[in-house]
Amino acid sequence: MLEYNLPRYLPSAEELPDSDETPVDNELQELIPGLLKAILLILWSERMDWLFAIDMGIYYHPDKPPIVPDGFLSLGVERFYDEELRPSYVLWDENVVPIFVLEVVSQNYRKEYTSKLAEYEALGVLYYVIYSSRRRRKPHLEVHKLVNGKYELQEVNPVWLPEIGLGIGCERGNYCGVTREWMYWYDEQGQRYLTPAEQVKQETQRAQQEAQRAQQAELRVQQLTEQLRALGIDPDNLG
């Protein structure tokens, strides 16, 4: 955790930029954290004590530039203040360090494995996650957990995050019409949670199956009614 030595009068989130205004150089930097957030919006739809932000500045000192990860998760904070939502994440207002930070490595390497790792370690982020689909000899996904002030690599896929109650991992799937490797949330048994589109498809299939069963049951009743009438029995007068 940070030990603050800050000025007495501090700017609010509304007075600070929401990001570093640097455009992403790869669409995956938006789509991958966007998918994780979309799944959380379903899983935690009733919870109001979390924030998953994408490309939002994390301010830890008013005189220093923010750290801007591709995505981060904070627990124990207000989901939103009002309809304007947060413009940025200010640690001296929130009093909660993000528990999970995600960096997606693009064509332009941005020191995700070196200086950024050190920054998040110093900040006290419990889980620092790096994803790079361009790696050949090493895993695409690295999950670093803060243990005694130092990051330790968790060498499994998916990785269970008990403090969050979810696992994080990657596998091939389809999102936004693109079939490739994506990052997903998992349950404790290692089963991944469905994307919004997959959930809609599953619910549609379930509704179709229920409608089909109801139709088959109605047909069976009609057949039995006809059989009774053929035997000279009026089914309407059965007591």
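All values below come from the heavy atoms of this structure, side chains included, with hydrogens, waters and symmetry mates left out. Owing to the predicted nature of the structure, the values given are computational and were not obtained by experimental measurement.
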Asks: Does Ser45 have any side chain to side chain contact (heavy atoms under 4.5 Å, CB included) partners at least two apart in sequence or in another chain, and if so, which?
Replies: none
Asks: Do Leu91 and Ile58 have side chains that approach each other closer than 4.5 Å (heavy atoms only, starting at C-beta)?
Replies: yes
Asks: Does Glu94 have any side chain to side chain contact (heavy atoms under 4.5 Å, CB included) partners at least two apart in sequence or in another chain, and if so, which?
Replies: Val77, Tyr81, Arg86, Tyr89
Asks: Using every non-hydrogen atom in the two residues, find where Pro66 and Gly57 come nearest and quote the distance to one decimal.
Replies: CB-CA, 3.9 Å
Asks: For the NZ atom of Lys138 and the OG atom of Ser132, what is their distance to the nearest 0.5 Å?
Replies: 11.0 Å
Asks: Compare every heavy atom of Arg79 with every heavy atom of Trp44, then report the nearest pair and how far apart it is.
Replies: O-NH1, 4.1 Å
Asks: Show the numbers, then the answer: is there a side chain to side chain contact (heavy atoms under 4.5 Å, CB included) between Tyr127 and Val101?
Replies: CA-CA 6 Å; Tyr127 291 104; Val101 162; over 6 Å; no
Asks: What is the minimum heavy-atom distance between Glu112 and Val104, and which atoms define it?
Replies: OE2-O, 4.2 Å
Asks: Any idea which heavy atoms bring Trp182 and Leu31 closest together, and the distance?
Replies: CZ3-CB, 3.8 Å
Asks: Applying ring-ring contact (aromatic ring centres under 6.0 Å, His included), name anything that partners Trp185, two or more places apart in sequence or on another chain.
Replies: Phe100
Asks: Does Tyr128 have any side chain to side chain donor-acceptor pair (under 3.5 Å) partners at least two apart in sequence or in another chain, and if so, which?
Replies: none
Asks: Yes or no on side chain to side chain contact (heavy atoms under 4.5 Å, CB included) for Ile168 and Val143, after CA distance, side-chain angles and deciding distance?
Replies: CA-CA 8 Å; Ile168 189 72; Val143 178; 3.9 Å; yes
Asks: Should Leu194 and Tyr175 be counted in the same cluster of Ile, Leu, Val, Met, Phe, Trp and Tyr side chains packed under 4.5 Å apart?
Replies: no
Asks: Got a sec, which residues hit salt bridge (Lys or Arg N to Asp or Glu O under 4.0 Å) with Glu171, two or more places apart in sequence or on another chain?
Replies: Arg192
Asks: Just jot down the side chain to side chain contact (heavy atoms under 4.5 Å, CB included) partners of Thr179, sequence neighbours excluded, or say none.
Replies: Arg172, Asn174
Asks: Which residues pass the side chain to side chain contact (heavy atoms under 4.5 Å, CB included) test with Phe80, sequence neighbours left out?
Replies: Met48, Leu85
Asks: Can you see which heavy atom on Leu28 is nearest to which on Ser133, and at what distance?
Replies: CD1-OG, 4.4 Å
Asks: How many angstroms lie between CG in Leu161 and CD in Glu188, if you round to the nearest 0.5 Å?
Replies: 11.0 Å
Asks: Do Val105 and Leu153 land in one hydrophobic cluster if side-chain heavy atoms of ILVMFWY residues count as linked below 4.5 Å?
Replies: no
Asks: Taking the side chain as everything from C-beta on, heavy atoms only, tell me whether Glu103 gets closer than 4.5 Å to Lys116.
Replies: yes
Asks: Can you tell me how far CG of Asn157 sits from SG of Cys170, rounded to the nearest 0.5 angstrom?
Replies: 4.5 Å
Asks: Considering only residues two or more places apart or on different chains, which pairs with a residue in residues 156-166 satisfy salt bridge (charged side-chain N to carboxylate O under 4.0 Å, His left out)?
Replies: Lys145-Glu163
Asks: Under the side chain to side chain contact (heavy atoms under 4.5 Å, CB included) rule, what do Ile67 and Tyr59 come out as? Steps first, then yes or no, please.
Replies: CA-CA 7 Å; Ile67 301 173; Tyr59 284 88; over 6 Å; no
Asks: Under the 3.5 angstrom rule, does the side chain of Glu198 hit a backbone N or O of Thr195 as a donor-acceptor pair?
Replies: yes
Asks: Quick one: closest heavy-atom pair of Val129 and Met183, and the distance?
Replies: CG1-CE, 3.8 Å
Asks: State, with a plain yes or no, whether a side-chain heavy atom of Glu142 is found less than 4.5 Å away from one of Arg135.
Replies: yes
Asks: Does the side chain of Glu181 pick up a donor-acceptor pair with the side chain of Tyr131 at under 3.5 Å?
Replies: yes
Asks: Is any side-chain heavy atom of Ile164 less than 4.5 Å from a side-chain heavy atom of Leu73?
Replies: yes
Asks: Nearest 0.5 Å, please: how far is CD in Gln29 from CG in Asp70?
Replies: 5.0 Å
Asks: Answer yes if Val156 and Tyr186 sit in the same cluster of Ile, Leu, Val, Met, Phe, Trp and Tyr residues linked by side chain heavy atoms under 4.5 Å apart, and no otherwise.
Replies: yes
Asks: Sequence neighbours left out, what passes salt bridge (Lys or Arg N to Asp or Glu O under 4.0 Å) with Glu119? Give chain and number order.
Replies: none
Asks: Out of curiosity, His140 NE2 to Arg134 CZ, how far, rounded to the nearest 0.5 Å?
Replies: 10.5 Å
Asks: Pairs under 3.5 angstrom only: tabulate donor-acceptor contacts from the side chains of residues 32-39 to other protein residues two or more places apart or in another chain.
Replies:
from: Lys37; atom 1: NZ; to: Phe52; atom 2: O; distance (Å): 3.3

Asks: Could you tell me which residues satisfy salt bridge (Lys or Arg N to Asp or Glu O under 4.0 Å) with Arg47, sequence neighbours excluded, listed by chain and number?
Replies: Asp49
Asks: Test side chain to side chain contact (heavy atoms under 4.5 Å, CB included) on Tyr120 and Tyr151 and set out the steps.
Replies: CA-CA 9 Å; Tyr120 294 128; Tyr151 277 133; 3.5 Å; yes
Asks: To the nearest 0.5 Å, how far apart are CD1 in Ile130 and CG in Leu102?
Replies: 9.5 Å
Asks: For Lys150, which residues count as a salt bridge (Lys or Arg N to Asp or Glu O under 4.0 Å) partner, sequence neighbours excluded?
Replies: Glu121
Asks: Do Val96 and Leu123 share a hydrophobic cluster (ILVMFWY, side-chain heavy atoms under 4.5 Å, transitive)?
Replies: yes
Asks: Among Leu40, Asp187, Val159, which residue satisfies the side chain to side chain contact (heavy atoms under 4.5 Å, CB included) criterion with Leu166?
Replies: Leu40
Asks: Cluster question for you: counting only ILVMFWY and a side-chain heavy-atom cut-off of under 4.5 Å, with indirect links fine, are Tyr193 and Trp160 together?
Replies: no
